[in-house]
Amino acid sequence: MAPPADLPQGHPDNIERPELLPDPSLSRAEMESLQRELAATATFADDHGIDPAVVAIDEPADLTDGLPDARQETLPGTHPNTGDPDAPVVVGIDQAFLTPDDGEDRAVSAAVAIRDGVVIEYASAITPLSIPYIPGLLAFREGEPILAALDALDAEPDLLVCDGSGRIHFREAGIATHVGVLLDVPSVGVAKSLLCGVPDESTDERPAGWRTPIRADGSVETAGSAGDAPVIGHAFQSRQYPNSRRVNPLYVSPGHRVSPATTVELVEALCAGYKLPEPTRIADAYADAVKRDAVRA
DNA sequence: GCGACAG
DNA sequence: ATCTTGTCGC
């Protein structure tokens with residue numbers, strides 16, 4: 001049936017193609033063919049109008065004393081980020097999990113909406129998990145929980161920042177792509193480890209700001225049969241310490257409506273000194289907070 | 001058959 | 001992802 005026409009584009013209730021929902025009850029073969037269809041529907045090119053410089057976050061949130069308050073009002077212009085109400089809304093999404101204490105696994109999905117560097121809203125959802133984690137099928141485990149959290153969010157996302165891969169995926173349809181296509185909202189995937197593909201250069205001990213393309217390898221089905229392996233994402237060194245301990249790079253890839261190159265630019269702009277981009281970092285802390293409250297109950 | 005594998 | 005204190009280094 002057709003989605004309600006009165007809902008804004010990008011609203012979780014306004015899913016134009018319900019047949020693409022990450023239904024956990026599908027067979028493995030059905031999940032995989034659904035991903036091939038998603039990849040064919042996805043756009044790995046810029047179609048968003050978001051200038052990385054406009055969504056850049058200059059100051060990292062101080063999470064040592066709880067989460068920053070959500071506020072709609074503009075802040076005094078003492079810093080580049082003042083909470084400009086006309087700036088694009090970037091939504092970071094992350095998850096935490098409740099152990100199978102009562103026999104049922106449950107996911108804590110957290111969404112944090114940020115506008116010009118200022119948190120404007122938090123939304124979360126606790127939902128049951130029906131299937132285990134299977135490399136390549138993450139969206140079928142966490143997709144529904146994520147949609148539930150986004151459903152609870154009033155703000156309209158202009159960009160989704162998902163934890164996990166987008167195009168860096170066996171069928172080029174990671175969780176960032178799945179969610180982005182379903183809602184037809186620009187999205188990017190930020191992963192802490194590489195699922196598949198190969199970096200052009202070694203990623204060892206690189207300085208902050210460094211990046212290298214990740215190209216499709218034999219494990220990527222859709223990799224062109226030709227010798228020209230497509231760039232499906234980038235390894236990006238978001239942070240590095242002067243000496244001592246080394247930090248691993250981030251693996252960023254397009255989810256939907258964003259090119260590989262712009263994906264790196266956006267993630268870089270959203271980083272403010274820590275390894276993870278602020279939307280993800282704050283969503284991570286928020287997910288933990290929601291989990292603590294749930295466990296305490 | 002072996003290896004590799006986001007969260 | 002999750003189970004978890006101290007500890008090395010700037």
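Computation of the quantities below employed the complete heavy-atom set of this structure, encompassing side-chain atoms and omitting hydrogens, waters and symmetry-equivalent molecules. Only a predicted model underlies this, so the values are computations on that prediction, with no experimental measurement involved. Residue numbering restarts at 1 for every chain, and letters A, B, ... go by the order of the sequence lines.
- Nearest to the side chain of A:Asp163, among B:dG7, B:dC5, C:dC3, sits B:dG7.
- A:Val91 pairs in a side-chain contact (heavy atoms from CB on, under 4.5 Å) with only one of the listed residues (A:Leu150, A:Val185, A:Val112), which is A:Leu150.
- Placement of A:Leu160 and A:Ile146 within a single hydrophobic cluster is found when ILVMFWY residues are connected by side-chain heavy-atom separations under 4.5 Å, directly or transitively.
- Atom P of nucleotide B:dA4 and atom CD1 of A:Ile168 are separated by 19 Å, given to the nearest angstrom.
- Cation-pi geometry between A:Arg71 and A:Tyr122 is not met: the NZ or CZ atom fails to fall both under 6.0 Å from the ring centre and inside 45° of the normal.
- The CZ atom of A:Arg171 sits 11 Å away from the C1' atom of B:dC5 (whole-angstrom rounding).
- The CD atom of A:Glu32 sits 16 Å away from the P atom of B:dA6 (whole-angstrom rounding).
- At a threshold of 4.0 angstrom between heavy atoms, the contacts of A:Ile93 with the nucleic acid are absent.
- What separates NE2 of A:His178 from P of B:dG7 is a distance of 18 Å, to the nearest Å.
- Within 4.0 Å (heavy atoms only), A:Ile175 reaches at least one base atom of the nucleic acid.
- At a threshold of 4.0 angstrom between heavy atoms, the contacts of A:Phe170 include nucleobase atoms, whether or not backbone atoms are also involved.
- If you measure from atom CG of A:Leu195 to atom P of B:dA6, you get 6 Å, rounded to the nearest angstrom.
- In this structure, CG of A:Leu137 is placed 11 Å from C1' of B:dA6, rounded to the nearest angstrom.
- When the side-chain nitrogen and oxygen atoms of A:Lys192 are compared with OP1 and OP2 of C:dA1, one or more of them lie within a distance under 4.0 Å.
- Annotation: cation-pi pair A:Arg239/A:Tyr274 present, NZ/CZ under 6.0 Å from the ring centroid and within 45° of its normal.
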(Q) Between A:Asp200 and A:Arg215, does the salt bridge (charged side-chain N to carboxylate O under 4.0 Å, His left out) criterion hold? Intermediate values first, please. (A) CA-CA 7 Å; A:Asp200 274 4; A:Arg215 301 193 128 84; 2.5 Å; yes
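- Per the stacking criterion (ring centres < 5.5 Å, plane angle < 30°), A:Tyr133 stacks onto the base of B:dG7.
- For the pair A:Tyr251 OH and B:dG7 P, the computed distance is 11 Å after rounding to whole Å.
- Phosphate contact (OP1/OP2 of B:dG7, side-chain N/O of A:Ser193, threshold under 4.0 Å): present.
- Between the CD1 atom of A:Ile214 and the C1' atom of B:dC5 there is a distance of 15 Å, given to the nearest Å.
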